Amino acid sequence: MAATKLLTISIALAALSASAASIGVVFWRRKTRADEEKIRELERSLKAALQNCGAERQGRIRAQQALRKVANSNDSNNSYPLTPIAITRSCFSTRNGTPRQPLVVPLAKACLVFDPTRVPPASLEGLEGYSHCWIIYVFHLNTDLDKLWKHPSRSKFKAKVRVPRLKGERMGVFATRSPHRPCPIGLTVAKVDIVDGNKVFISGVDLVDGTPVLDIKPYLPYCDSIPGAMVPDWVKADNMLAITSVNFSQDFSASLNLCWSRKMQKKKKTEISLYTSPTEFQNLIQQVLSWDIRSVSQRIRPHKTENSSMNNATLEDDDSQEEVHFSEDIVYHLILEGLDTSYKIDYDGNVHVKKIEPCTAN
């Protein structure tokens, strides 16, 4: 009897286990089917998203191709939307005196002030790790910019320009670094001193105050420096523009100290300071005048008035090759940081700095 009851209980338990297992299998199958349906739904969503992304990408590509087609059409004059991202605050107030090449005046300083609406300060992070940078800019003070808006047949751009190192002889414009080019875009290199927010302080510059900057790129010695690069012999003639000596008058330092004191008193809090002392500023003047900064026309013809040397921009474009006797009575002017330095050059190539005073324009 007991054995019969035990057998009955065992059969009941076995049946219950089988039933539970069956229920578990059914539940697992239902869960698996639900998961599989979710996976299929996600796959369909992913496929649709990829198709949408592909369509958007194709749309962007077509729009970009259409934009390039319009930009390259004759009606648009092959123009591209280039807007300056920064403005240069330079020690060189005018073109006259601005070095013809970079790094020849180590104390020549400037500050690139970037437009924060176009260039967030984060864009400049990491630049301080480089010693130098390339700067792409616009020759905004060219006197012939109006030619850019004319048809090429009427622009009358000069294929050859006068070269200072060749004493006014002409060379093809693309064999020189003349600012008068079909596209007035300049390329220079400068030493990176400080990166501060939206400002980059640089030195060794050949940029005039107010120069619009299109782009900057870090200087990479391993690919930007080319060992064994060749240049024509006339480019190697550095002594052609070298000055024998720079001499300051006895009262120049006193005049500079007075001008500097007045300049600091009038200085606004928002103005950028590039130099810390009159001594450093006088060293800048000496470095700038160590090279003959006169134009080709100024070196081969005299001027009837003392201040005519201020018109360097127009004399630079003069085609006259007339040889005239040099005069030691000519007074030249160098304007740096709004201070006007007057000087003369004698027959032996010595510069005699006479005086310094605030520029009348300021």
Side-chain angles (χ1 to χ4, degrees), residues 71-72 74 76-88 90 92 94-105 108 110 112 133-190 202 204-217 219 224 226 229-237 240-241 291-299 311-321:
N72 291 326
N74 292 329
S76 66
N77 199 26
N78 297 333
S79 60
Y80 293 88
L82 296 178
T83 302
I85 60 174
I87 296 296
T88 306
S90 170
F92 298 106
T94 65
R95 293 197 307 173
N96 184 27
T98 304
R100 294 181 175 89
Q101 304 297 342
L103 306 180
V104 297
V105 179
L112 305 181
C133 68
W134 293 107
I135 303 170
I136 303 173
Y137 61 96
V138 179
F139 289 110
H140 68 299
L141 294 183
N142 280 6
T143 57
D144 54 0
L145 287 179
D146 60 300
K147 296 179 180 178
L148 298 178
W149 284 269
K150 295 180 179 180
H151 189 273
S153 61
R154 297 188 294 109
S155 65
K156 296 182 180 179
F157 265 110
K158 297 178 181 178
K160 291 188 174 183
V161 294
R162 298 168 65 184
V163 181
R165 293 175 185 268
L166 291 177
K167 297 182 179 181
E169 293 184 19
R170 296 185 177 276
M171 188 64 61
V173 64
F174 294 121
T176 74
R177 294 191 176 186
S178 168
H180 302 285
R181 321 180 72 82
C183 291
I185 296 176
L187 174 66
T188 188
V189 65
I202 54 179
V205 302
D206 58 349
L207 301 173
V208 68
D209 190 58
T211 296
V213 175
L214 298 176
D215 193 17
I216 63 171
K217 303 177 187 295
Y219 177 87
D224 290 339
I226 306 176
M230 298 178 60
V231 298
D233 290 337
W234 60 267
V235 177
K236 303 175 185 178
M240 289 292 299
L241 300 176
W291 298 89
D292 193 344
I293 63 176
R294 297 174 300 166
S295 68
V296 173
S297 298
Q298 288 174 331
R299 289 200 300 273
N311 298 322
N312 183 56
T314 57
L315 292 171
E316 195 81 47
D317 302 329
D318 199 320
D319 291 335
S320 175
Q321 295 289 333

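Note that this is a predicted model, so its numbers are computed, not measured. Along the sequence shown, the residues carry numbers beginning at 1.
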What closest approach, in Å, do [X] and [Y] show between heavy atoms, and which atom pair accounts for it?
{"X": "Pro179", "Y": "Phe139", "value": "CB-CD2, 3.3 Å"}
{"X": "Ile293", "Y": "Gly97", "value": "CD1-CA, 3.6 Å"}
{"X": "Phe92", "Y": "Val205", "value": "CE1-O, 3.8 Å"}
{"X": "Trp234", "Y": "Leu166", "value": "CB-CD2, 3.3 Å"}

(request) Check whether any side-chain heavy atom of Pro182 lies under 4.5 Å from a side-chain heavy atom of Phe174, and answer yes or no. (result) yes

(message) Can you confirm whether Val231 sits close enough to Lys236 that some side-chain heavy atom of one is under 4.5 Å from a side-chain heavy atom of the other?
(response) yes

(message) Test your reading of the model: is there a side-chain donor-acceptor pair from Thr88 to the backbone of Ser90, 3.5 Å cut-off?
(response) no

(request) Say whether, by atom type as modelled, one donor and one acceptor occur between the side chain of Thr98 and the main chain of Val208 under 3.5 angstrom. (result) no

(message) Against Leu187, only a single residue in Asp215, Ile136, Ile135 fulfils side chain to side chain contact (heavy atoms under 4.5 Å, CB included); can you say which?
(response) Ile136

Atom pair [atom1]/[atom2] of [X] and [Y] - distance to nearest 0.5 Å:
{"X": "Ile87", "Y": "Leu207", "atom1": "CD1", "atom2": "CG", "result": "11.5 Å"}
{"X": "Cys133", "Y": "Leu112", "atom1": "SG", "atom2": "CG", "result": "6.5 Å"}
{"X": "Thr188", "Y": "Ile216", "atom1": "OG1", "atom2": "CD1", "result": "12.5 Å"}
{"X": "Asn96", "Y": "Arg294", "atom1": "CG", "atom2": "CZ", "result": "11.0 Å"}
{"X": "Leu103", "Y": "Asp206", "atom1": "CG", "atom2": "CG", "result": "8.0 Å"}
{"X": "His140", "Y": "Thr211", "atom1": "NE2", "atom2": "OG1", "result": "4.5 Å"}

(request) Please lay out, stage by stage, how Asn142 and His180 fare under the test side chain to side chain contact (heavy atoms under 4.5 Å, CB included). (result) CA-CA 7 Å; Asn142 280 6; His180 302 285; 3.9 Å; yes

(request) Quick one: do Arg100 and Arg177 satisfy side chain to side chain contact (heavy atoms under 4.5 Å, CB included)? Show the steps, please. (result) CA-CA 8 Å; Arg100 294 181 175 89; Arg177 294 191 176 186; over 6 Å; no

